[in-house]
There are 2 protein chains.
Amino acid sequence: MTENDKQTEEKIFEAATDVFIEKGMDGARMQDIADHAGINKALLHYYYRTKDRLFNAVFEKIAGQMFKKFAPVFDENISLEEKIRFFFKEHITFLQKNPRLPGFLLNEINHNPARIKKLIQQIDVNKLWMTLEAQHKDELKKYNITRETMPQLMSSIAAISVFPFAARGILEVLFEKMNINFNDYMEERKEYAADFVIKAIKK
Amino acid sequence: MTENDKQTEEKIFEAATDVFIEKGMDGARMQDIADHAGINKALLHYYYRTKDRLFNAVFEKIAGQMFKKFAPVFDENISLEEKIRFFFKEHITFLQKNPRLPGFLLNEINHNPARIKKLIQQIDVNKLWMTLEAQHKDELKKYNITRETMPQLMSSIAAISVFPFAARGILEVLFEKMNINFNDYMEERKEYAADFVIKAIKK
DNA sequence: ATGTAGTTTAACCAAACGGTCAAAATTAAA
DNA sequence: TTTAATTTTGACCGTTTGGTTAAACTACAT
């Protein structure tokens with residue numbers, strides 16, 4: 001039954017996603033994934049031949065989700081300032097729903113850089129810059145944004161949004177004594193980050 | 001011979017550091033560490049009883065190094081602005097020499113938050129804030145820095161410094177097409193980051 | 001009812017793993 | 001030089017690991 005196929009395959013995929021995100025590629029156990037999916041271990045190998053293939057399937061979907069979240073910003077027909085606000089709001093909201101994604105992705109990329117190479121190589125940063133330049137030529141001049149400073153700015157924006165989730169384990173301990181809740185801090189960050197970056201790039 | 005002891009124990013520790021940083025706790029193999037140290041596997045267990053103990057020794061030293069690098073900033077008798085410049089210069093320089101530390105630490109903390117709890121709990125953030133307030137009362141008012149915005153600011157500074165190293169695998173691929181070298185980018189970042197943050201906090 | 005193709009399972013396997021042990025080698029003390 | 005203590009080793013052990021296999025089960029077409 002094809003429906004049942006999909007159900008089982010999806011059940012496996014979802015279980016694998018959970019376990020891989022929590023334990024990482026090396027820490028995850030096929031038996032653990034099978035238990036989470038409520039099936040026999042051999043069935044994992046029936047649908048996905050090896051642990052490596054199963055992991056790749058999970059990894060590529062998650063990485064895709066992550067990078068797609070960066071894209072819609074460029075399509076919106078709004079000012080650069082609004083785009084920055086839009087990005088932090090949308091991206092942090094997405095990460096609030098998937099708080100373990102950053103840590104998972106960063107770790108796996110460090111342990112196997114080749115794996116993500118194919119995915120990222122598709123992104124044409126030059127074309128992306130030209131799109132941005134066409135849309136916001138005047139604004140880019142108004143701010144201190146050039147082709148040269150673009151990587152610094154972009155990586156800083158990503159850092160401010162992503163890092164707190166990757167370092168959550170540290171921040172939560174530090175916040176404890178200050179009676180700060182991580183979720184409150186993150187909610188507050190959507191606006192703080194936008195204000196911070198916008199002020200930083202103003203001439 | 002006590003000297004030889006230290007030599008062997010250190011050799012093991014250094015080999016373990018290398019392997020753990022590269023492969024992580026789960027991915028590291030005791031045999032691999034023994035090979036790197038040029039000794040028998042049983043000797044690992046003679047000096048460090050278990051893999052867990054060996055890892056803890058390595059982890060605590062590395063984590064200690066990392067957090068100590070944040071400290072000296074508070075001791076320097078210089079302006080707040082100079083402290084920010086000082087921090088980025090020193091911290092990024094340190095990470096340039098130990099580029100894999102961020103990824104390693106963040107990953108292990110995510111996989112075992114309890115491990116770092118003891119280390120971080122020693123840091124009294126409130127006391128730290130009071131020290132900063134005593135040293136820079138006027139400057140803090142001049143900028144938009146309050147006890148409430150402090151966590152946002154501090155985590156942003158850490159993010160801008162640490163994130164590029166944790167995400168190096170991604171950035172390097174993106175930079176390839178733009179003919180940007182990661183080391184050049186990182187060298188440039190020492191000043192860019194300081195300028196960026198200082199401008200962001202100015203009223 | 002029967003055959004057939006796809007699905008699921010329990011039992012099993014070889015390799016790799018962390019860890020142990022008794023003996024050999026080295027060093028220090030007598 | 002002999003003795004005792006420490007260090008290093010190869011060989012070994014029980015367990016866990018990813019992966020296989022042959023048989024059982026299911027759904028469906030004939």
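Naming convention: chains lettered A, B, ... in sequence-line order (proteins, then strands); numbering from 1 in each chain. This one's a predicted model, so the numbers in the text were calculated from it and none came from an experiment.
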Open item on the list: Applying salt bridge (charged side-chain N to carboxylate O under 4.0 Å, His left out) as the test, list every pair that has at least one member in residues 42-54 of chain A; sequence neighbours left out.
Closed with: D52(A)-R115(A)
Open item on the list: Considering only residues two or more places apart or on different chains, which pairs with a residue in residues 57-70 of chain A satisfy side chain to side chain donor-acceptor pair (under 3.5 Å)?
Closed with: none
Round to a whole Å and report the spacing from [atom1] of [X] to [atom2] of [N].
| X | N | atom1 | atom2 | answer |
| --- | --- | --- | --- | --- |
| H45(A) | dA11(C) | NE2 | C1' | 15 Å |
| K51(A) | dT20(D) | NZ | P | 15 Å |
| D26(B) | dT17(D) | CG | C1' | 13 Å |
| Y46(B) | dA25(C) | OH | P | 17 Å |
| K11(A) | dT8(C) | NZ | C1' | 11 Å |
| Y48(A) | dT20(D) | OH | P | 17 Å |
| I12(B) | dT9(D) | CD1 | P | 10 Å |
| D52(A) | dT17(D) | CG | P | 18 Å |

Task: Working for side chain to side chain contact (heavy atoms under 4.5 Å, CB included), residues L171(A) and R168(A) - done: CA-CA 5 Å; L171(A) 293 183; R168(A) 182 175 185 165; 5.7 Å; no
Task: Pairs satisfying ring-ring contact (aromatic ring centres under 6.0 Å, His included), at least one member in residues 106-128 of chain B, at least two apart - done: none
- [ ] Output the single nucleotide from dT20(C), dG18(D), dT8(C) whose closest atom is nearest the side chain of Y47(A).
- [x] dT8(C)
TODO: Check for a donor-acceptor pair, side chain of H36(B) on one end and backbone N or O of D32(B) on the other, with a separation under 3.5 Å.
DONE: yes
Open item on the list: Between N181(A) (side chain only) and D184(A) (backbone N and O only), is there a donor and an acceptor less than 3.5 Å apart?
Closed with: yes
Task: dT8(D) OP1/OP2 closer than 4.0 Å to side-chain N/O of T8(B) - done: yes
Could you list the donor-acceptor pairs under 3.5 angstrom formed between side-chain atoms of residues 16-30 of chain B and any protein atom two or more places apart in sequence or on another chain?
from: T17(B); atom 1: OG1; to: F13(B); atom 2: O; distance (Å): 2.7
from: R29(B); atom 1: NH1; to: D26(B); atom 2: O; distance (Å): 3.3
from: R29(B); atom 1: NH2; to: D26(B); atom 2: O; distance (Å): 3.3

Open item on the list: Please tell me whether Q152(B) and T149(B) have a donor and an acceptor in their side chains that are separated by less than 3.5 angstrom.
Closed with: no
Open item on the list: Can you confirm whether the side chains of S155(A) and Y185(B) place a donor and an acceptor under 3.5 Å from each other?
Closed with: yes
Open item on the list: Just to be sure I understand the geometry, which residues of residues 28-43 of chain B put a non-hydrogen atom under 4.0 Å away from DNA chain D?
Closed with: I39(B), N40(B), A42(B), L43(B)
Open item on the list: Let's test your reading of the pairing rules: Watson-Crick or G-U wobble, both distances under 3.5 Å, then write DNA chain C as a dot-bracket string with ( ), [ ], | and dots.
Closed with: ||||||||||||||||||||||||||||||
